[in-house]
Each structure stands twice: as C-alpha cells, then as structure tokens.
A.B. asks: 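Starting off with a structure, shown below.
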Amino acid sequence: MPAVTVENPLTLPRVVAPADAVARPVLTVTTAPSGFEGEGFPVRRAFAGINYRHLDPFIMMDQMGEVEYAPGEPKGTPWHPHRGFETVTYIIDGIFDHQDSNGGGGTITDGDTQWMTAGAGLLHIEAPPESLVMSGGLFHGLQLWVNLPAKDKMMAPRYQDIRGRSVQLLSTPDGGALLRVIAGELDGHEGPGVTHTPITMVHATVAPGAEITLPWREDFNGLAYVLAGRGSVGTERRPVRTGQTAVFGAGGSLTVRADEKQDANTPDLEVVLLGGQPIREPMAHYGPFVMNTREELQQAFEDFQKGRLGTIPAVHGMSERGL
C-alpha cells in the first residue's frame, strides 16, 4: 500500500491535539458489506448501515479492491451521469483513467486523487488503461461522494487533478504515524483539494503499537474507515479492523491506535479519517443523482434522458462503452 510515503516521518511537521481538547467518544462501529460496481470490480460499502445524520455531508464511500487482477481482468465503469455532488477518487495502488463530458480527465496512480464536482451535471467514465487490462496487476482505491448544498448543486462542473506529491505530509510527536492531508486542514496544515463543502480528508498510516490523537474541528463530524490492519478507536479503545467504520461523537480530538501485532501482509494500520461540516438540508438520492427534493431528482433523470447533461466525446483515450 504505497500511496505517498517518506523514509523518516520525524522529518515532517508534527501535530498533536491540545491537552485540554475534549476526546470524541465512539458512537458506533459498522462493518462494510462487499459488492460489485460498474463492470464488476469488487467494492466494500464503507458507510452502509450508518444513519445519515452521522455522515452529512458525506453520502457514500466505496473501497475499490484491494484486488490482484490477472491479465484481461481489470474492470471499470461505463459512461454514466452525475448531478448535485462531488466525487473524490483516491488511488492507493494501480492506475485509473477518468474522462468526463466537460473536458476533465486524466490518469491517476499511486497516491493521486481526482476531484470531480458534478454540479449541474455531466457524464463520465472510469476505467483501467489498456496497458493494465493487458498485463493485470494490483488495484486499490477509494471513491467518496461529498454532497453539495442547494445553492451549489447547479453550479458549473469542475475537475481537480491532485497529484500525490502535492498532498500535505505530517506526522505525530513520536513519528509513529504518517498523515497525508488530501483535502481540508489539520492543525493549520492545508491539503491541496479545494472543496465547496468544508471537509477534511486524511489517509493515516499508523505503525504497530503507535497511537495518534489529532485535533478535530468541533463543528465537523468525525469518521474513521480502516483500509487495512487492526487497531482501536477512541480513548475507550474500541476494536476496529479492515473494512470497518467508526463514527465519533462530539469533541475536539479523535484517537486511533494500531495493535502491536498486524498481519504479515498488512504491516501497519491504514485508516482514512473524514470530517465535514454538516449541510443539514433535505437530501433526495437515487442512483447517480443527489438533490434536495424528489421533483429535482425527476428533473435530473429527464435532463439526462434528453441529453442535457452532456454527450460522450466522439474521440477519447478510452475504449467506447455504451451507457
């Protein structure tokens, strides 16, 4: 799980929560069910079973893989529409191509992120490049959906290409963790992702036996999803493992600890920490559209059917696929 790393985390700026910060309690721990997306790549539904009041402004998150494809096996998604939210695709291992009907797109690999603001609507496709389809190989990533407030749902689409080398790298006082700030800020250190809805997204690698206690904005919610490994969350040390999501309650800091012993193929605890400012608006979500009312959903489907969300480019870098 390379993503972006450094040989010595002690060379990085270090963060720690203030001594008087109120520790966030753990409200619940859920286990993500497994399924398939697009043309059949395996996913874990990270937020399944979690009440939306704990997720807002996040809608859903899929862990894609980790899977070792044989030659000819890599899969993606066909062309499909979106409206009313942002998609964040973070690749940890492997390569993924993206293209949309608004002219955005590119190739992302280890540690890169593509941030697509669908806004008023567009079509897009995500797929492994032909070279990976031919050779096979390791693929592992995340896709997160971030809601937009009503005032921004019909904004012009926007695309951000965030290279792994641009993320803000931090550590803890003892150097026991590598913190990659992809978006938002942590203890005054800002990540490169520009968000309409205020959020923080951090990928943390925590060494066996190490513990991190990070400052966390009190007006944000708090979520921790375990990509790999075993550990505990909260000062009460609630056990967590691969594929589980912890929901934190109110407070000014959150704590994650890695178990002393990890599996041989998972040397560290890998966890994604998410926080966001709740939008607290009605949400109508169906398929690829996230709006505020059922009427707006119906309008989105009508606009898609009438070709108002864009057209598939006649020439592009990926194989032609039907909707």
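Side chains included, hydrogens not; waters and symmetry mates left out as well; all remaining heavy atoms used. Quick caveat, the model's predicted, so the values are computed rather than measured.
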A.B. asks: Hey, are Asp62 and Arg45 close enough for a salt bridge, meaning a charged N less than 4.0 Å from a carboxylate O?
C.D. replies: yes

A.B. asks: Under a 4.0 Å threshold between the charged nitrogen and the carboxylate oxygen, would Asp263 count as salt-bridged to Arg230?
C.D. replies: yes

A.B. asks: If you count every heavy atom of other residues, nucleotides or ligands that lies below 6.0 Å from Arg238 atom CZ, does the total exceed 12?
C.D. replies: yes

A.B. asks: With a 4.5 Å limit on heavy-atom distance, are the side chains of Val26 and Val240 in contact?
C.D. replies: no

A.B. asks: What is the distance from atom CZ of Arg163 to atom CD of Gln114, rounded to the nearest 0.5 Å?
C.D. replies: 7.5 Å

A.B. asks: In a check of side chain to side chain donor-acceptor pair (under 3.5 Å) between Asn147 and each of His285, Glu86, Lys153, which one passes?
C.D. replies: Lys153

A.B. asks: Go through it in stages, so that I can follow the logic: the residues are His80 and His124, the test is side chain to side chain contact (heavy atoms under 4.5 Å, CB included), and I'd like the CA-CA distance, side-chain angles, deciding distance and then a yes or no.
C.D. replies: CA-CA 6 Å; His80 58 281; His124 84 140; 2.9 Å; yes

A.B. asks: Does Pro81 reach the side chain of Leu123, with side-chain heavy atoms less than 4.5 Å apart?
C.D. replies: yes

A.B. asks: May I ask you to say whether Lys151 pairs ionically with Glu281, meaning some side-chain N is under 4.0 Å from a carboxylate O?
C.D. replies: no

A.B. asks: So Pro208 and Glu260, do their side chains get closer than 4.5 Å, heavy atoms only?
C.D. replies: no

A.B. asks: With a 4.5 Å limit on heavy-atom distance, are the side chains of Arg83 and Asp303 in contact?
C.D. replies: yes

A.B. asks: Which pair of heavy atoms, one from Gly111 and one from Tyr90, lies closest together, and at what distance?
C.D. replies: O-CE1, 3.8 Å

A.B. asks: Classify the angle between the aromatic ring planes of Phe301 and Phe289 as parallel (below 30°), tilted (30 to 60°) or perpendicular (above 60°).
C.D. replies: perpendicular

A.B. asks: Say whether Leu142 and Trp115 are linked into one hydrophobic cluster, either directly or through other cluster members, by side-chain heavy-atom distances under 4.5 angstrom.
C.D. replies: yes

A.B. asks: Is the closest side-chain heavy-atom distance between Leu223 and Met61 below 4.5 Å?
C.D. replies: no

A.B. asks: Does any non-hydrogen side-chain atom of Gln168 lie less than 4.5 Å from one of Glu190?
C.D. replies: no

A.B. asks: Can a donor-acceptor pair be found between the side chains of Thr205 and Arg180 at a distance below 3.5 Å?
C.D. replies: yes

A.B. asks: Report yes if the side chains of Leu122 and Leu309 come closer than 4.5 Å at any heavy-atom pair, otherwise no.
C.D. replies: no

A.B. asks: Under a 3.5 Å distance rule, please check whether Asp112 uses its side chain to pair with a backbone N or O of Gly164 as donor and acceptor.
C.D. replies: yes

A.B. asks: According to the interplanar angle, ranging from 0 to 90°, do the rings of His82 and Trp145 count as parallel (below 30°), tilted (30 to 60°) or perpendicular (above 60°)?
C.D. replies: perpendicular

A.B. asks: What's the verdict on side chain to side chain contact (heavy atoms under 4.5 Å, CB included) for Val272 and Gln63, showing C-alpha distance, side-chain angles and the deciding distance?
C.D. replies: CA-CA 11 Å; Val272 172; Gln63 180 179 7; over 6 Å; no

A.B. asks: Side chains of Arg53 and Asp56: does their closest heavy-atom pair fall under 4.5 Å?
C.D. replies: no

A.B. asks: Assess the residue pair Leu170 and Leu12 against the criterion (side chain to side chain contact (heavy atoms under 4.5 Å, CB included)); give the C-alpha distance rounded to whole Å, side-chain angles, the decisive distance to 0.1 Å, and a yes or no.
C.D. replies: CA-CA 5 Å; Leu170 307 170; Leu12 301 172; 5.6 Å; no

A.B. asks: Between Gln143 and Val43, does the side chain to side chain contact (heavy atoms under 4.5 Å, CB included) criterion hold? Intermediate values first, please.
C.D. replies: CA-CA 10 Å; Gln143 185 166 98; Val43 298; over 6 Å; no

A.B. asks: Which value, rounded to the nearest 0.5 Å, describes the distance between Gln298 atom CD and Met291 atom CE?
C.D. replies: 12.0 Å

